[in-house]
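In what follows, a structure is listed as structure tokens, so that the remarks can point back to it.
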Amino acid sequence: TYQLAYKYVRDVVEQPSIYRHILAVTFTNKATEEMKSRILKEIHLLASGGESSYLENLCRELDMDAATVRRRAAEVRSKILHDYSRFTVLTIDTFFQRILRAFIKELGIDLNYNVEIETASVLTKSADTLIEQITTDRDLQRWLTDFVQERIDEGKKWDVRDGILTLGGELFKEKNKEALSLARSREELGRIVGEATARAAATKQQMRERAAEAVRIMADAGVGPTDFTGKSRSFAHYFLTVAAGELKPYTATVGKMSLTTEGWAPKGSPAAPLAARLQPLLREMCGLYDENVRAWNTCDLLRENYRSFALLSDLYAKVQQLCDEQNMMLLSETKYILSEFIGHNDAPFIYEKVGNRFEHFMIDEFQDTSTREWENFLPLLGNAMAQSEQTSVLIVGDIKQSIYRWRGGDWEILHRRAARELGEASTETIHLKENFRSLPLVVEFNNRMIGKVVESDNTALNQLLAQAPPHALGGKAREELRDTLQEAYCEHAQSARKKGLHPGYVNITHYTGEPPLIERIKALVDKGFRPKDMMILVRSGTDGAKVASALLDFKRRNTDPRYRFDVMTQEALIVGTAPISSFVIACLKLAMNPADSLSRAIYNHFSAKPSFDAELTEEEVVFLKSLRLFPPEEAFERIVMRYDLQERREEIAYLQAVHEQIINFCAGRVADIPLFLKSVSYTHLRAHET
């Protein structure tokens, strides 16, 4: 981002009016504001005579003295502030929306369409509409019934709506768009899967028959697999394995023996004369496996997913129907609509309609660019490069970050594709070596660690490619993948530019059981670090919830004023995770069933009893049973009064939230209080704070 901002300032200082023809693209609104602020700040510092880190480089690169640079910066500042709408720093979605609105007539879109950013609500409404269709569509009803039965057989939740919503997340992923556009009917899908299953079964049966014939030959001769070379680990065991119905991949030894009769059995072994008869059968079995393994795997995947895919197509149709009815366009769909249009028109025509002719393009965080977004940009970038001999396209990105696949980002674009499609001869790659963020020891650790990991993983990748059978990977793909990791990380090493009072610190601890998180944080606090100086990174959301729970638990137990953990996380703010919420629900459940061991454990833990399994006292049982005689709202109030829950001031908002949902439950607005509380966030309950 620093490089991009500097390039923008350099270009406008060199040619003050060029700002109208520069497009800088980011991926988030926050990044857009940051970039705008940084550019304007540096221009203002130059114009007002302030100290700027850009000045020395600008004087050298533009061959100007400081006074000239500052005078031009003042001119640029005035022009931008008086023509701010042409200061074009946008998110990629905003830019695409501008193009889309310029071609509303050509695309046949309603002039007053609304852009919907969030897809969750649209997905929920569409799923509800699809489920309601069951009453009139018998085929859909039968399909959904089979879908539910399969989920039950797999041990998954039977809730149809939940399953459909889970599938719905695939609708908006770029990798699925082509498949959805070529969707088949449920009947055709059923026929395709049936045919594939029949073909797979036939070829598998052929392979089993060849194996069974080999087993019969061995049995008639009175020999077994141990009579062949290798004895208990003999390759001949493969005949028995396949004949029994297990069609697993053959080993390298089996493949070798299928090509020759030599070395099948030791001299004098009764199995030696059988080699001439068994070797053709083994060769045929290996051939059948190589020819059909992809079809078998494809068939298995089809059988596992085709019902889901059919429902996905139905759900996609409902989403499109809802958008048409409400004159709405999902923001995520913009790039797909544009790709068809941009791909068939020249860049000058697009510029003419948009009203801006951009001669310089700057794209930040390029590693997050998806394939479709790149294809939309490519005609514009190519045109800009063809019209100018200067550096007209600046792409900034970190290929190592592409592993996250955020927004469908494709690392291959930054790795090879961008340079190839823009023209290898006209592109230059500059690797940024200087790290201004981390202290020297941290940078050194990263350089050494990443270097070793890449070396190890690249070697492992090459070994896998060498061992992969021809049917699994084509020669071209094999060549492209070889040394991929080494190429992607070839310039990973950096030099530290940040200076501090100490060089930094790195420590790696191996542990079994729970990590020593609290102890490590306390030790850091003792060394003078503040909680806001620390970050805890975890692998998944589940791990994040565990960390939040551990920190909140320590906060409740802690009496030392030095260690104040005021934790605010999304997981910690869910009403149902608050101990006071769980305690109230546990009391209500124990009122109905005093033998509920899980509710008793929650009750005992909240009451600070020494054991989760401690039996309730007679007094507690009498009180809890008495709650059955009262309406839920009054039962709640009695729980609060008996256990003085109102004294827990920090949790009063959670308590009021539970109270409100009990009222809603009584009014029929909530069907399941515990389930509802697991999905309600404290951030939705600010009205309760007073």
Side-chain angles (χ1 to χ4, degrees), residues 154 196-304 453 455-475 477-479 481-483 485 512:
E154 294 168 5
T197 302
R199 285 196 298 270
T203 51
K204 286 180 179 179
Q205 183 59 28
Q206 286 180 4
M207 190 169 171
R208 283 192 291 266
E209 287 175 355
R210 302 299 179 275
E213 184 178 349
V215 171
R216 283 196 299 272
I217 293 173
M218 291 162 59
D220 291 343
V223 301
T226 55
D227 294 310
F228 293 86
T229 301
K231 297 187 177 180
S232 62
R233 301 179 64 183
S234 167
F235 67 92
H237 283 285
Y238 191 64
F239 289 124
L240 274 68
T241 300
V242 175
E246 186 180 355
L247 274 63
K248 64 180 184 181
Y250 59 84
T251 63
T253 304
V254 171
K256 177 183 177 181
M257 292 302 183
S258 69
L259 302 176
T260 179
T261 57
E262 296 180 6
W264 270 60
K267 289 184 178 180
S269 170
L274 301 181
R277 299 174 61 190
L278 294 178
Q279 185 264 335
L281 293 174
L282 186 60
R283 184 178 66 241
E284 191 174 354
M285 288 170 60
C286 292
L288 283 168
Y289 184 87
D290 289 343
E291 292 169 9
N292 296 287
V293 64
R294 294 185 68 179
W296 296 343
N297 292 337
T298 301
C299 181
D300 291 341
L301 288 171
L302 280 173
R303 289 173 58 82
E304 182 180 343
V453 170
E455 180 183 354
S456 173
D457 285 355
N458 191 73
T459 301
L461 172 65
N462 289 343
Q463 289 176 350
L464 286 173
L465 292 173
Q467 295 169 2
H471 65 266
L473 201 63
R478 194 189 305 265
E479 191 59 36
L481 289 172
R482 185 176 290 111
D483 290 328
L485 290 175
T512 56

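Residues: numbered from 1 along the sequence shown.
Not a single side-chain contact (heavy atoms from CB on, under 4.5 Å) links Ser456 to another residue, sequence neighbours left out. Scored by the side-chain contact (heavy atoms from CB on, under 4.5 Å) test, Glu209 finds Gln205 as partners (sequence neighbours excluded). Annotation: side-chain hydrogen bond (donor to acceptor under 3.5 Å, both in side chains) contacts of Asn292 (sequence neighbours excluded): none. With sequence neighbours excluded, no residue forms a side-chain contact (heavy atoms from CB on, under 4.5 Å) with Leu464. Contacts of Asp457 classified as side-chain hydrogen bond (donor to acceptor under 3.5 Å, both in side chains), with partners at least two apart in sequence or in another chain: none. For Arg482, the side-chain hydrogen bond (donor to acceptor under 3.5 Å, both in side chains) partners at least two apart in sequence or on another chain are Glu479. With sequence neighbours excluded, the residues forming a side-chain contact (heavy atoms from CB on, under 4.5 Å) with Thr459 are Gln463, listed by chain and number. Partners of Ser234 by side-chain hydrogen bond (donor to acceptor under 3.5 Å, both in side chains), not counting sequence neighbours: none found.
Scanning all heavy atoms of the two residues, the minimum distance from Gln279 to Leu259 falls at NE2-C, 3.7 Å. Taking both residues in full, the closest heavy atoms of Gly255 and Ser258 are given as O-OG, 2.6 Å, listed atom of the first, atom of the second, then distance. Shortest non-hydrogen contact noted between Val242 and Arg208 is O-CG, 3.4 Å.
Residues Thr203 and Trp296 form a side-chain contact, since some pair of their non-hydrogen atoms from C-beta on lies under 4.5 Å apart. A 4.5 Å side-chain heavy-atom check between Phe228 and Ser269 finds every atom pair outside the cut-off. In this structure, Phe239 and Val254 have side chains that are not in contact, with every pair of non-hydrogen atoms separated by 4.5 Å or more. Annotation: side chain of Trp264 is not in contact with side chain of Leu274 (no heavy-atom distance under 4.5 Å).
Contacts classified as salt bridge (charged side-chain N to carboxylate O under 4.0 Å, His left out) and involving residues 272-288 (residues at least two apart or in different chains) are given here: Arg210-Glu284. Here salt bridge (charged side-chain N to carboxylate O under 4.0 Å, His left out) pairs that include residues 232-248, with residues two or more places apart or in two chains, number zero. For residues 196-217, no pair satisfies ring pair (Phe, Tyr, Trp, His ring centres under 6.0 Å), with sequence neighbours left out.
Here the CE atom belonging to Met207 is positioned 7.0 Å from the SG atom belonging to Cys286, to the nearest 0.5 angstrom. Between Thr261 atom OG1 and Leu278 atom CG the span is 11.0 Å, to the nearest 0.5 Å. With values rounded to the nearest 0.5 angstrom, Tyr238 atom OH is found 5.5 Å from Met285 atom CE. For the atom pair Asp290 CG and Tyr250 OH, the distance stands at 3.0 Å (nearest 0.5 Å). Taking OH of Tyr289 as the reference point, atom CG of Leu247 lies at 8.0 Å (rounded to 0.5 Å).
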Please list every donor-acceptor pair under 3.5 Å in which a side-chain atom of residues 211-225 meets a protein atom from a residue at least two apart or in another chain.
none

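No side-chain donor-acceptor contact under 3.5 Å links Thr253 to the backbone of Phe235.
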